[in-house]
Amino acid sequence: MEIEFVASDAAAPARSAVAQVVFEGGTHDGAIGQAVAASRFTGAKGQTLEVPPQAGEARRVLIGAGKAEAFDAMGAEHAAANAFNAVKLSGLESLRLILPKADAELAARAALGVRLAAYRFDKYRTTETADKKPSVRRTEVVAADSAAALAAFPPLAALADAVSFARDLVSEPANILYPAEFARRVKDLEELGLKVEILGEAEMTDLGMGSLLGVGQGSVRESQLVVIRWNGAADPDAQPVAFVGKGVCFDTGGISIKPADGMEDMKWDMGGAAAVAGLMHVLAGRKARVNAVGILGLVENMPDGAAQRPGDVVTSMSGQTIEIINTDAEGRLVLADALWYCEQRFKPKFIVDLATLTGAIIISLGNDYAGCFSNDDALAANLLAAAGETGEPLWRMPLPEAYNKQIDSMIADVKNTGGRAGGSITAALFLQKFVKSTPWAHLDIASTAWKKPSSVPTIPEGATGYGVRLLNRMVEAKYEG
Ligand code: BES
Ligand code: MN
Ligand code: ZN
């Protein structure tokens, strides 16, 4: 999608659709007023109405933005996304967007809304005819001061690029995106100024990562640990912030194999790692003034003659031994070593991990909210605030010490499942054992990494990129400068 900011008197390109964003209860005259009077359109959020085009326009639609008093940057973003969605299949190539208030910040956020809504993963659709594909390739946002809007856009364009990068990773099937291929795509981000190190199984064996390696041992694909660094702080030695992602490129469940129905969803069991990669992408893309580390634990969980068995005991890098009760509780095994490595090597200010960790979080919170577990109230508050500002809903969950008894093992230091009761909580308590003394939060994003047909206009069905915006906002609001 090509984005431009134009002054209101600039001529619209030929064959362009004009989307006019209007407030609820506004009055309209002429042919537009007649069309509104003959419809149920009130300007409420989410409404759209085709109205007669003005001279030189191919099409005009009204887009409801709700009450004027409540209109803000997020309102502009959603209205713009609704506008794009309303005309994307029209056959027209350009969209001109007219906002009811067009200061630079709102115009830039509107452009972000179009970029996010226009995401589509169609690279493997070779027979889809052109008339089924979106036609709009260019959006002109009308702004009172178009130069100021253009100047405000680059960090948001970097965010849109990063969310698309994360969505692509999540959308790719597991025969294409296996650990080494994921690592290779992240290595390409070095051109943004990131430093990327890739550790293979030999290096992880030397580090004693028996927990992570056990998960991948049934796969022919080599497990990888990827370390991504962004050094943007004025002091290059300033303590970094750190993010760790679960990257199970495919989760069959292993020997504790999952049922066939819906198993294809487990290609997106690397959504946490994709979000961390996307975050590092945007931090570099907008040259954030912070030092940050992103660590991805990349494995494939397969059943095989070499696969680990229920009942096996593995030794993690921390030295703690783990009894494997269910090989399908693999994400926590990957994170155990990735978290420990992160804390020991980087001594960060805090660690936030993201993981499509438990089906139970979907039962707890449904499909909009991710779960937040934390040993630190200030860190949790920062995450929840950023979630509210970015429209990536997050809900704090408890970490009750007493539930640890559910993961006591008879023969090892801990076991990897704690029964059905509070399944997301015992998973988080397990992770907590692998962070010694650093403020830490765990986001269980099994509920939000992938969307069924969505009511949020900036999130097309499929990979959401959940977490990239939220974490980018938290870093920007609290840890830069
Ligand atoms: N990747 C799954 C969790 C998941 C389930 C993500 C559904 C997205 C949608 C995870 O590895 C898993 O299998 N968890 C088990 C844990 C259980 C064996 C303790 C689960 O949630 O059933
Ligand atoms: Mn699993
Ligand atoms: Zn999994």
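Just so you know, residue 1 is the first one in the sequence shown, and it goes up from there.
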Is it true that atom [atom1] of [X] has more than 12 heavy atoms of other residues, nucleotides or ligands lying nearer than 6.0 Å?
X: D261; atom1: CG; result: no
X: K478; atom1: NZ; result: no
X: K258; atom1: NZ; result: yes
X: Y403; atom1: OH; result: no
X: E401; atom1: CD; result: no
X: K436; atom1: NZ; result: no

Would you call [X]-[Y] a salt bridge at under 4.0 Å N-O?
X: D269; Y: K246; value: yes
X: K187; Y: E190; value: yes
X: K349; Y: D376; value: no
X: E2; Y: R138; value: yes
X: R469; Y: E389; value: no
X: E172; Y: K123; value: yes

- [ ] Scan I324, T327, I325 and name whichever one has a side-chain contact (heavy atoms from CB on, under 4.5 Å) with T417.
- [x] I325

I'd like to know if the side chain of [X] and the backbone of [Y] have a donor-acceptor N/O pair within less than 3.5 Å.
X: T448; Y: Y369; value: no
X: Q432; Y: N375; value: no
X: N301; Y: G331; value: no
X: D312; Y: V314; value: no
X: R115; Y: L159; value: no
X: N291; Y: G232; value: yes

Below 4.5 Å, heavy atoms only, C-beta onward: do [X] and [Y] meet side chain to side chain?
X: V282; Y: D161; value: no
X: R184; Y: D188; value: yes
X: F182; Y: M270; value: yes
X: F434; Y: Q320; value: yes
X: L189; Y: M280; value: no
X: I295; Y: E197; value: no
X: L339; Y: L431; value: yes
X: V241; Y: P348; value: no

To the nearest 0.5 Å, what is the distance between [atom1] ([X]) and [atom2] ([Y])?
X: I228; Y: H281; atom1: CD1; atom2: NE2; result: 10.5 Å
X: M1; Y: L95; atom1: CE; atom2: CG; result: 7.5 Å
X: T390; Y: M74; atom1: OG1; atom2: CE; result: 6.0 Å
X: N472; Y: L283; atom1: CG; atom2: CG; result: 6.0 Å
X: C249; Y: M266; atom1: SG; atom2: CE; result: 13.0 Å

Taking all atoms of both residues into account, what is the closest heavy-atom pair of [X] and [Y], and its distance?
X: M263; Y: F250; answer: O-CZ, 3.3 Å
X: A183; Y: L298; answer: N-CD1, 4.0 Å
X: L97; Y: A83; answer: CD1-CB, 3.6 Å
X: V468; Y: A162; answer: CG1-CB, 4.2 Å
X: L199; Y: M204; answer: O-CE, 3.8 Å
X: S447; Y: I362; answer: CA-CG1, 3.9 Å

Is it the case that [X] and [Y] place a side-chain donor and acceptor less than 3.5 Å from each other?
X: Q406; Y: T426; answer: no
X: T358; Y: S424; answer: yes
X: S316; Y: D337; answer: no

Open item on the list: Below 30° counts as parallel, above 60° as perpendicular, anything between as tilted: where do the rings of F243 and F350 land?
Closed with: perpendicular

TODO: Look at the rings of H442 and W440 and say which category their plane angle falls in: under 30° parallel, 30 to 60° tilted, over 60° perpendicular.
DONE: parallel

